[in-house]
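Everything below concerns the one structure shown next.
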Amino acid sequence: MMYLLGLAIKSILREKWINLLTSITIGFSLLILSMTIFTVYNIEGVSDKLPEKFTIMVYLKDDLSSDEIIKAQSQVEGKELVKEVLYISKEKAFSELKSNLKGSAFVLEGIEDNPLSPSFEVKIKKELFSVEKVESLIDILQDEPYVEDIDYGRGFLDFVHSFRTAMRAVGIFFTLLIVFAIIFVIYSTVKILFYRRKDEIETYKLLGATAGFIRAPFLIEGGVIGFLGGLFGIAESYAFYYVIVRLGHNIPLIGFMDFPVQFFAVLPVVGLMLGLFGTIFALGRIRF
Amino acid sequence: MMYLLGLAIKSILREKWINLLTSITIGFSLLILSMTIFTVYNIEGVSDKLPEKFTIMVYLKDDLSSDEIIKAQSQVEGKELVKEVLYISKEKAFSELKSNLKGSAFVLEGIEDNPLSPSFEVKIKKELFSVEKVESLIDILQDEPYVEDIDYGRGFLDFVHSFRTAMRAVGIFFTLLIVFAIIFVIYSTVKILFYRRKDEIETYKLLGATAGFIRAPFLIEGGVIGFLGGLFGIAESYAFYYVIVRLGHNIPLIGFMDFPVQFFAVLPVVGLMLGLFGTIFALGRIRF
Amino acid sequence: MITFSNISKIYENHAAVKDINLQINKGELVFVTGASGAGKTTLLKLVYVAEKPDTGSIVIAGYNTSTLKEKSIPFLRRNIGVVFQDFKLLSNKTVYDNIALALRIRGVQEGEIKNRVSNALKLVNLRHRSESYPLTLSGGEQQRVTIARAIVDEPTVLLADEPTGNLDSGNARSIMDIFREINAKGTTIMIATHNHDLFRNTGLRVVQLEEGRLIGETVG
Amino acid sequence: MITFSNISKIYENHAAVKDINLQINKGELVFVTGASGAGKTTLLKLVYVAEKPDTGSIVIAGYNTSTLKEKSIPFLRRNIGVVFQDFKLLSNKTVYDNIALALRIRGVQEGEIKNRVSNALKLVNLRHRSESYPLTLSGGEQQRVTIARAIVDEPTVLLADEPTGNLDSGNARSIMDIFREINAKGTTIMIATHNHDLFRNTGLRVVQLEEGRLIGETVG
Ligand SMILES: Nc1ncnc2c1ncn2[C@@H]1O[C@H](COP(=O)(O)OP(=O)(O)OP(=O)(O)O)[C@@H](O)[C@H]1O
Ligand SMILES: Nc1ncnc2c1ncn2[C@@H]1O[C@H](COP(=O)(O)OP(=O)(O)OP(=O)(O)O)[C@@H](O)[C@H]1O
Ligand SMILES: [Mg+2]
Ligand SMILES: [Mg+2]
């Protein structure tokens with residue numbers, strides 16, 4: 001066993017060019033995998049933060065008493081999805097409009113009678129946020145007697161939803177593609193090594209070596225190549241992240257991107273598994 | 001010569017695994033190159049379209065006569081950078097404000113005295129657009145006697161400018177990285193093939209072959225590998241484009257992305273050149 | 001020990017070996033001779049199952065090579081030492097490792113390997129080259145390494161294919177002495193050779209091949 | 001034609017060849033003999049510049065191999081046919097292509113190659129195997145292909161290293177006939193061999209090596 005390990009290590013060093021090449025290729029593939037995960041992760045991250053900014057404006061009927069308003073507020077607050085409800089009175093709405101008009105605020109100066117409605121600003125619980133749930137909540141609120149109108153970013157919500165779904169699909173597609181690519185690359189590398197040592201293996205057989213004895217060094221080699229590929233993948237992913245974050249430092253959107261370190265830590269293990277897998281494929285059945 | 005060509009073709013077929021592997025690796029690298037070009041190209045494209053949307057609002061002093069306004073307008077129109085100047089009278093500005101306020105427009109109802117300034121909406125010539133030129137134009141206009149104030153998207157302009165610069169830097173960085181990666185990959189592939197045929201080459205030498213005779217098949221092989229890599233690169237780039245455009249069809253921003261076909265058509269030539277380059281490196285000097 | 005019954009081996013409608021019937025008893029030393037291309041190597045290959053006969057059967061120590069399970073072939077081969085005509089030395093291993101490989105494959109312990117390999121090297125007079133690589137050895141030296149590898153595990157059967165083709169008469173004689181010594185200890189031996197000096201006046205069986213056929217048997 | 005002056009070749013502080021002084025005239029046929037490891041192959045390698053001497057110089061047809069420009073080595077080698085002890089046949093080429101390679105390297109036209117290769121194959125009695133691959137040939141057949149390749153371009157100098165190691169006496173004799181015929185046409189020949197039968201009663205020069213030293217010269 002020690003001897004077979006030694007054989008494998010010697011072989012890896014002897015064939016350092018091809019092994020390096022393969023590992024780097026795998027590293028590259030894993031980099032693309034990282035980029036995919038990185039992108040999908042960040043998009044999920046960004047859209048996970050959306051609920052914090054997402055609010056539903058519930059415009060109330062103009063003729064409600066304060067008691068009715070308090071009752072309505074606690075009713076809305078009781079909904080499972082709702083995190084907090086902020087009451088905005090007519091007066092507050094008017095002063096907000098004023099400040100929004102800024103320089104042109106004098107246009108409001110002549111107005112005595114406040115024409116605006118009171119409203120609830122409803123915030124949604126982040127952890128329960130989903131497009132479907134929000135829409136069913138709105139359907140329920142719409143039917144309440146105290147509700148005049150409801151305003152929310154429907155198009156925006158739909159966009160986020162479909163964008164997320166599309167990115168997930170692209171992510172899965174790329175991931176599968178890369179897994180196959182890596183297996184193929186390791187498969188062909190081991191195949192090359194195998195063909196290259198055909199004469200040597202022939203001699204092994206004639207000296208009475210069993211299939212296991214012949215296979216072992218290749219399996220070790222395939223595993224090591226995959227593992228090294230994983231390490232390269234981490235290195236390249238960090239480099240990529242560094243470039244993105246460094247060069248994109250003062251670019252909004254990119255500045256606050258996140259790097260899921262824990263995903264990339266498993267790359268060598270992924271490489272190792274794919275390496276063994278590709279090797280088993282490449283060796284096939286050994287005939288005597 | 002025909003014989004050497006034949007040798008090279010046989011060798012390519014014989015070593016099909018490693019050649020396929022290398023070509024695919026190169027294809028992959030070229031895919032990343034494509035993605036880089038694709039991204040940079042589209043960002044350039046999008047930011048090239050910005051000038052069409054970019055306008056400078058020049059607010060005029062309130063007390064100008066129509067003669068003065070016409071003079072001023074033709075003066076601004078005379079500037080090299082300016083494409084067209086739209087005069088917006090006080091009245092027009094007021095009605096625009098009204099329509100912007102929409103539902104809340106009644107707040108303006110009591111106002112008799114129009115408090116707004118007349119203005120010029122200045123559009124910039126697309127083909128001359130640059131951040132520096134726009135800023136110097138604004139500096140000049142600022143000093144004109146008829147100008148009250150100037151309003152334009154300074155922060156936005158700066159952002160576009162720095163984003164474009166950053167993307168170009170990332171693009172150049174990636175391009176160089178990939179060029180080196182491809183040369184390295186071909187270098188190591190040819191090195192492998194060379195080591196693998198060491199005995200064969202030794203025999204060639206002992207039979208009186210010159211360095212040129214030995215090199216030729218490798219050069220052909222390296223070139224072909226690079227060329228095939230380029231073809232793979234095109235195929236993968238199209239696949240990538242297809243996925244992006246297909247899956248991103250209903251996602252804004254992605255929907256109108258452009259695919260610079262003419263760039264990708266040269267990939268095989270790029271591959272060929274890099275292949276020859278890598279091979280020359282790998283062969284080094286042949287000693288007898 | 002080895003029984004050839006009606007053996008033929010056909011390559012591309014050309015018979016390398018044809019209708020061979022031959023019985024080799026346990027502990028015998030038999031020479032196979034014949035011109036270049038007569039089928040000597042093919043006959044030996046059939047014994048160590050590098051080739052399978054197209055007709056007939058070979059039975060070694062009770063096992064029929066044609067019906068042997070593929071998984072058992074390695075274990076059959078472990079009882080057969082072969083001196084290959086083309087040496088089949090691994091050029092990336094030292095002389096020591098080339099010989100040790102035969103034992104490592106059999107799972108022998110490293111300590112024991114060391115002893116046995118150095119004994120085998122002493123026998124063929126190459127102890128001083130144990131750390132050399134095959135390509136730095138002369139033709140005759142390589143041949144002797146091959147011989148050392150074939151005998152290092154004291155096989156039940158020894159097949160030697162042109163074992164003295166690259167050796168001067170002095171070395172050839174000492175190799176023959178080794179073979180006879182091993183033979184005396186009970187190993188069954190087949191030697192394929194065109195070198196008549198090897199069997200002249202030995203009183204041993206000499207089988208003659210011509211174009212794949214067994215055309216006669218004499219005593220050397 | 002070939003002059004060895006004070007030649008030594010040292011591998012890892014072990015002299016393969018030592019203080020050799022030898023003059024071979026144009027048109028001569030000289031045998032080099034000696035035990036396994038005596039330095040025969042090394043001596044020939046020095047002539048075709050596969051090795052360079054550590055001391056002394058070798059002059060071939062007026063060219064000193066030590067001072068020869070590297071670029072000229074291929075052109076020197078084109079005048080020397082070599083029968084390598086280990087054959088050096090390319091296993092991925094047919095017999096025909098292996099022999100033709102020697103001519104293609106020299107830029108000979110395909111039409112002429114065809115004639116010359118088939119003549120050479122006829123000489124060594126292997127015309128029927130021209131489309132076979134080396135690994136499907138018997139040891140002796142491979143050796144004859146190597147000989148055919150060495151003589152196919154009618155070289156000025158022919159170096160044959162153990163050319164009959166894998167050949168039976170009949171084939172060996174016919175190869176020697178070929179060599180003598182070529183020699184008669186003017187080719188200078190050196191044959192390294194341990195097979196005394198090759199030079200016995202030929203009346204030709206036999207140079208004796210022992211542990212790298214030239215210990216005597218006799219007439220066969
Ligand atoms: N794999 C093969 N494919 C086709 N023909 C083969 C193969 N192996 C051997 N032969 C042919 O079978 C015949 C017998 O070959 P074999 O190697 O047994 O001869 P041999 O007696 O060992 O000769 P030598 O003394 O030259 O080694 C030869 O003509 C050879 O060319
Ligand atoms: N490349 C090398 N490195 C180290 N030692 C070498 C090398 N080549 C040859 N030798 C040694 O030099 C000595 C002479 O070798 P050479 O091949 O010339 O012998 P030879 O006379 O041809 O023997 P044989 O009849 O066995 O072929 C041998 O001891 C050999 O081991
Ligand atoms: Mg044979
Ligand atoms: Mg020799």
Side-chain angles (χ1 to χ4, degrees), chain C residues 11-12 14 16-17 33-45 51 84-87 89 91 124-126 128-129 131-145 161-175 192-197 208-210 212, chain D residues 11-12 14 16-17 33-45 51 84-87 89 91 124-126 128-129 131-145 161-175 192-197 208-210 212:
Chain C
Y11 291 118
E12 304 150 7
H14 156 96
V17 142
T33 190
S36 175
K40 305 180 290 294
T41 300
T42 305
L43 198 66
L44 299 187
K45 278 184 180 168
E51 298 283 6
F84 302 98
Q85 188 173 11
D86 55 357
F87 308 165
L89 296 174
S91 56
V124 298
N125 229 327
L126 278 177
H128 58 295
R129 298 309 297 266
E131 290 312 311
S132 301
Y133 286 88
L135 291 179
T136 71
L137 298 180
S138 80
E141 288 164 347
Q142 289 176 32
Q143 191 153 43
R144 285 180 280 154
V145 174
D161 197 353
E162 214 73 84
T164 61
N166 286 277
L167 295 178
D168 56 290
S169 53
N171 269 297
R173 230 172 297 123
S174 84
I175 292 300
T193 188
H194 57 72
N195 186 351
H196 291 222
D197 291 347
Q208 296 231 328
L209 293 183
E210 195 180 295
Chain D
Y11 291 119
E12 304 151 7
H14 156 94
V17 142
T33 190
S36 175
K40 305 179 291 293
T41 301
T42 307
L43 198 68
L44 298 187
K45 278 185 180 168
E51 298 282 5
F84 302 98
Q85 188 173 11
D86 54 357
F87 308 163
L89 296 174
S91 56
V124 298
N125 231 324
L126 278 175
H128 57 295
R129 298 308 297 264
E131 291 312 312
S132 299
Y133 287 87
L135 291 179
T136 69
L137 298 181
S138 81
E141 287 164 348
Q142 290 178 31
Q143 191 153 42
R144 285 180 280 155
V145 175
D161 198 354
E162 213 75 83
T164 60
N166 285 276
L167 296 179
D168 57 290
S169 52
N171 269 298
R173 228 175 296 124
S174 86
I175 292 299
T193 186
H194 57 70
N195 186 352
H196 292 223
D197 291 346
Q208 295 231 327
L209 292 183
E210 195 180 295

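Keep in mind it's a predicted model, so treat the numbers as computed, not measured.
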Inset, instruction - Applying ring-ring contact (aromatic ring centres under 6.0 Å, His included), name anything that partners H14(C), two or more places apart in sequence or on another chain. - result: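 Not a single residue meets the ring-ring contact (aromatic ring centres under 6.0 Å, His included) criterion with H14(C).
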
Legend entry - Heavy-atom contact with chain C under 4.5 Å, split by part of T164(D):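 Contact with chain C: backbone only.
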
Between [options], which shows the greatest number of heavy-atom pairs under 4.5 Å with chain D?
{"options": "Q143(C), R144(C), K40(C), H196(C)", "value": "R144(C)"}
{"options": "T136(C), D197(C), D168(C), T33(C)", "value": "D168(C)"}
{"options": "L137(C), L167(C), N195(C)", "value": "L167(C)"}

Legend entry - Region of E162(C) in contact with chain D, defined by heavy-atom distances below 4.5 Å: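 Looking at E162(C), just its side chain touches chain D.
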
Legend entry - CD on Q85(C) to CD on Q142(D), rounded to 0.5 Å: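 Going from CD on Q142(D) over to CD on Q85(C), the span is 7.5 Å.
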
Inset, instruction - Output the distance between atom CD (E141(C)) and atom OG1 (T41(D)), rounded to the nearest 0.5 Å. - result: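 Output value for this atom pair is 9.5 Å.
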
Legend entry - S36(C) and its side chain to side chain contact (heavy atoms under 4.5 Å, CB included) partner, picked from N166(D), L126(D), N171(D):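 Exactly one option meets the side chain to side chain contact (heavy atoms under 4.5 Å, CB included) with S36(C), and it is N171(D).
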
